[in-house]
*Asks:* 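Got a structure for you, written out below as structure tokens; questions coming shortly.
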Protein chains: 4
Amino acid sequence: MEEKEIQTFSKREQKKQLNRQNIINAAIQLFSSKPFSEVSMRAIAKDANVSPGLIYQYFDDQQHLFMTAFKIESTNLLNALRQTIEIQDDQLAVIARKYIDYMFRHDNLYQMMTYFMLENDHHGSVSAGLRNITDDLFAIFREALSKHLPEKQLKSAAQLFFASLNGILITYKNLPGRSQEATWQHIEHLVEVLVATIKRAYPE
Amino acid sequence: MEEKEIQTFSKREQKKQLNRQNIINAAIQLFSSKPFSEVSMRAIAKDANVSPGLIYQYFDDQQHLFMTAFKIESTNLLNALRQTIEIQDDQLAVIARKYIDYMFRHDNLYQMMTYFMLENDHHGSVSAGLRNITDDLFAIFREALSKHLPEKQLKSAAQLFFASLNGILITYKNLPGRSQEATWQHIEHLVEVLVATIKRAYPE
Amino acid sequence: MEEKEIQTFSKREQKKQLNRQNIINAAIQLFSSKPFSEVSMRAIAKDANVSPGLIYQYFDDQQHLFMTAFKIESTNLLNALRQTIEIQDDQLAVIARKYIDYMFRHDNLYQMMTYFMLENDHHGSVSAGLRNITDDLFAIFREALSKHLPEKQLKSAAQLFFASLNGILITYKNLPGRSQEATWQHIEHLVEVLVATIKRAYPE
Amino acid sequence: MEEKEIQTFSKREQKKQLNRQNIINAAIQLFSSKPFSEVSMRAIAKDANVSPGLIYQYFDDQQHLFMTAFKIESTNLLNALRQTIEIQDDQLAVIARKYIDYMFRHDNLYQMMTYFMLENDHHGSVSAGLRNITDDLFAIFREALSKHLPEKQLKSAAQLFFASLNGILITYKNLPGRSQEATWQHIEHLVEVLVATIKRAYPE
DNA sequence: TATGAATGAGAGTTCATTCAT
DNA sequence: GATGAATGAACTCTCATTCAT
């Protein structure tokens with residue numbers, strides 16, 4: 001009897017977590033097919049096979065759900081980048097490329113990152129999330145740059161590097177009048193120039 | 001009699017132009033206090049002391065009004081930057097600084113530029129506007145970089161420089177946890193590092 | 001306990017169906033007091049004691065709501081006519097009279113039918129509804145005419161008969177300058193002439 | 001001097017009448033390309049090269065302008081039908097065909113006629129116009145039927161005939177699912193059946 | 001825990017009409 | 001007589017969110 005209850009509870013708990021996960025997945029999925037601001041709570045609920053009301057049991061409001069989805073997606077990016085950190089040769093170029101490649105192909109992450117970067121009425125807890133992710137990414141670039149720059153300059157250089165990559169994406173990713181392929185090549189080229197410039201300024 | 005008629009006509013025309021200007025001003029004003037996508041036509045009309053319907057006499061739709069406002073504000077920026085082009089000493093640093101300074105202080109322009117950069121369903125004429133402004137800005141940076149780099153590398157370098165400045169702004173301007181003053185100093189510092197890196201890579 | 005749950009569920013469902021019905025009723029009601037194209041969703045919501053948004057939970061859009069209302073009302077008419085089909089004596093006259101009588105007294109159905117007949121941008125599913133009703137009505141008239149005409153001519157004759165009745169209504173129902181009573185007598189008379197003409201042309 | 005004034009006045013008067021005519025023409029023109037209820041005063045003014053305000057100098061409101069346009073167009077129809085009245089052979093068939101042919105090809109007149117027939121809040125003077133036109137049309141059909149029916153039955157028969165033709169048009173002209181050509185053939189056929197039925201009922 | 005019916009404010013946009021010029 | 005700038009109410013429809021069940 002007791003076991004049954006525990007199991008029931010456990011099943012419930014599982015279902016609960018599954019629902020939560022489904023909601024997040026549905027959100028992430030929708031972000032890749034629609035402009036960020038057009039993803040509605042109703043649509044998420046529908047795709048997650050869940051009632052709209054349930055979303056508010058797991059997330060305070062839309063912002064918090066979006067931020068959670070962002071955190072999860074950016075964790076994937078971080079993992080992908082961390083795998084690269086082992087590489088020794090031309091680490092800087094490889095990481096930079098991996099970063100923009102990931103962002104270019106994962107429109108949902110790109111959309112979310114830019115969305116949160118542009119928001120300026122950060123309500124405490126939500127914004128802290130962005131900060132964490134930014135810091136984590138920054139740490140990776142710092143590591144990759146450590147061969148090229150002295151410790152003293154490392155922090156600023158890493159921040160600059162990170163910012164420049166973002167700038168390249170944001171400035172040119174949606175600039176009209178080019179095919180997707182041409183846009184990608186342009187971005188790739190600019191990243192190469194960025195890496196080359198840094199290497200030139202700070203040879204190993 | 002004739003004078004009176006002219007004056008009468010003039011008065012009407014003045015009122016008309018005033019209304020048009022008020023609409024644009026109201027829009028620009030609102031862009032600095034609210035996320036771009038949350039500025040409503042009704043709010044603009046109200047702030048401009050004008051009926052909602054009147055806006056559509058001057059602008060085809062919301063997008064066109066927004067683009068017009070963006071053009072006007074960016075023209076101001078371009079003029080400010082062009083004045084700086086005369087300066088000979090340390091032109092690159094001065095222009096870079098002026099650009100981010102302007103963007104930092106004019107939140108409306110910053111909001112608008114990033115908004116249009118992130119939009120990806122550009123409908124023809126509207127998107128052409130963004131392209132023009134981007135090109136104009138790019139030309140200024142190209143000019144400022146021409147002393148440092150050979151002709152061959154100039155184009156990419158200017159694009160990269162422009163992108164990096166945007167990236168610095170976007171990545172750090174709204175990053176929470178810092179005072180406005182501290183944020184500004186951080187951005188300023190990164191721009192200095194950017195300029196220094198370029199100079200180091202490509203001495204005059 | 002179980003009963004209570006069922007009842008609870010039932011209450012909710014009842015309220016829901018009541019709202020849905022209220023919306024349709026409000027729409028139907030408004031159609032009899034206003035030109036069809038002037039009935040607004042707001043007015044319907046207000047008369048149904050429901051928020052405007054709720055209407056869109058039950059109906060895709062205005063067209064679908066209108067079509068639903070039309071179907072319901074025309075079903076009532078069809079049922080009324082089908083009851084008459086049992087009658088043997090002078091079936092044609094009785095059915096014709098019943099049809100125009102119903103239409104004359106139910107201004108809402110009259111408004112709706114003419115509205116959909118005059119619409120010319122029928123978007124798929126909506127237009128199919130009109131077609132169905134038209135066909136059903138046509139079948140009834142065909143049946144009533146089957147005594148008078150040979151099989152070969154039946155189809156066209158039924159279509160013509162149906163069209164003529166509509167024409168009488170549309171041409172004279174709102175023709176100004178007559179009292180409602182006089183108008184009705186005029187229409188009734190014309191229908192008698194129509195039936196008489198057919199009988200004269202095609203005696204049993 | 002006086003002559004000049006007269007001429008000036010005359011010219012003015014001419015211009016005035018021209019404007020009035022242009023407004024009506026623009027309206028009539030627009031009715032053939034758009035659903036009746038979607039023709040706006042602004043659009044009419046624009047097409048007539050006239051300011052929106054001027055329309056209200058010539059016409060009390062939209063309804064009156066529309067009615068005026070309707071009268072003019074229906075006069076054209078009446079003239080076309082009157083030319084046919086001379087014909088001796090098979091006059092009834094010829095006139096019926098001419099009527100539906102004209103209506104079928106002149107969508108603007110068809111739209112207007114049905115519009116005014118369905119209106120039920122006739123404000124005096126406007127509705128009188130419809131009455132006149134209806135009566136004129138009726139007279140023509142009466143004339144065409146005079147060979148077939150005795151004087152006593154003529155009036156009702158003419159009204160019925162007119163109503164039936166309208167009914168055929170309204171019931172089948174926009175019934176979806178048929179090509180325009182097929183629709184026309186169907187209508188033509190029903191009119192033939194109508195004429196045949198009358199001839200059969202009342203041989204010459 | 002989970003539902004989903006319901007809210008009601010708010011979005012962009014259009015319109016006939018007016019009136020100062 | 002003629003203009004056209006301006007109104008402001010009205011339109012359909014969407015949305016995040018709530019709460020009785």
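In what follows, chains are A, B, ... by sequence order, proteins preceding strands, each numbered from 1.
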*Asks:* Any donor-acceptor pair, under 3.5 Å, between the side chain of B:R42 and the base of E:dG10, if you only look at N and O atoms?
*Replies:* no

*Asks:* So what does the secondary structure string of DNA chain F come out as, 5' to 3', with Watson-Crick or wobble pairs under 3.5 angstrom, [ ] for crossing and | for pairs with another strand?
*Replies:* .||||||||||||||||||||

*Asks:* Apply salt bridge (charged side-chain N to carboxylate O under 4.0 Å, His left out) to B:K46 and list each qualifying residue two or more places apart in sequence or on a separate chain.
*Replies:* none

*Asks:* Taking atom C1' of F:dT18 as reference, at what distance in whole Å does atom CG of A:D61 sit?
*Replies:* 14 Å

*Asks:* Can you tell me how far C1' of E:dA5 sits from CD of C:Q21, to the nearest Å?
*Replies:* 17 Å

*Asks:* Less than 4.0 angstrom between a side-chain N/O of A:N19 and OP1 or OP2 of E:dT1, yes or no?
*Replies:* no

*Asks:* Of the nucleotides F:dA16, F:dC13, E:dT17, which one has an atom closest to the side chain of C:M41?
*Replies:* F:dC13

*Asks:* Is D:Y58 near enough to F:dG1 that one of its side-chain N or O atoms lies under 4.0 angstrom from OP1 or OP2?
*Replies:* no

*Asks:* In whole Å, what is the span from the CD atom of C:E38 to the P atom of E:dC15?
*Replies:* 15 Å

*Asks:* List for me each residue that meets side-chain contact (heavy atoms from CB on, under 4.5 Å) alongside C:S37, sequence neighbours excluded, and say none if there are none.
*Replies:* none

*Asks:* For residues C:F66 and C:F116, establish whether the separation of their ring centroids is below 6.0 Å.
*Replies:* no

*Asks:* Of all residues at least two apart in sequence or in a different chain, which pass the side chain to side chain donor-acceptor pair (under 3.5 Å) check with B:D47?
*Replies:* none

*Asks:* If you pin A:Q62 and A:L54 to their nearest nucleotides in DNA chain F, which one's is more 5'?
*Replies:* A:Q62

*Asks:* Between E:dC15 atom P and B:I55 atom CD1, what is the distance in whole Å?
*Replies:* 17 Å

*Asks:* To the nearest angstrom, how far is B:L30 atom CG from E:dA11 atom P?
*Replies:* 11 Å

*Asks:* Map C:Q17 and B:D60 onto DNA chain E by nearest heavy atom, then report which one ends up closer to the 5' terminus.
*Replies:* C:Q17

*Asks:* Can you name the side-chain contact (heavy atoms from CB on, under 4.5 Å) partners of C:Q57, sequence neighbours left out?
*Replies:* C:L54

*Asks:* OP1 or OP2 of E:dT1 sitting under 4.0 Å from any side-chain N/O of A:K16?
*Replies:* no

*Asks:* Whole Å only: how far is the CG atom of A:L65 from the P atom of F:dT17?
*Replies:* 10 Å

*Asks:* I need the residues from residues 45-53 of chain D with at least one non-hydrogen atom less than 4.0 Å from DNA chain F; give them sorted by number, or say none.
*Replies:* D:S51, D:P52, D:G53

*Asks:* I want to verify a distance call: between E:dA2, E:dG12, F:dC13, whose nearest atom is closest to the B:S40 side chain?
*Replies:* E:dG12

*Asks:* According to side-chain contact (heavy atoms from CB on, under 4.5 Å), who are the partners of C:T68, at least two apart in sequence or on a separate chain?
*Replies:* C:R20, C:I24, C:F59, C:I72

*Asks:* Looking only at side-chain atoms of D:Q57, point me to the closest of E:dA6, E:dA2, F:dA2.
*Replies:* F:dA2

*Asks:* side-chain contact (heavy atoms from CB on, under 4.5 Å) with C:I44: which of C:N22, C:V39, C:N25, C:I28?
*Replies:* C:V39

*Asks:* Give the rounded distance in Å between these two atoms: CD1 of C:I23 and P of E:dA5.
*Replies:* 12 Å

*Asks:* Taking only residues two or more places apart in sequence or in another chain, which ones pass side-chain contact (heavy atoms from CB on, under 4.5 Å) with A:Q29?
*Replies:* A:S32

*Asks:* Backbone N or O of D:H64 within a donor-acceptor pair of the D:D61 side chain at under 3.5 Å?
*Replies:* yes

*Asks:* Rounded to whole Å, please give me the gap between CD in B:E13 and P in F:dT3.
*Replies:* 16 Å

*Asks:* Please identify each residue that fulfils side chain to side chain donor-acceptor pair (under 3.5 Å) with B:Y58, with sequence neighbours left out.
*Replies:* none

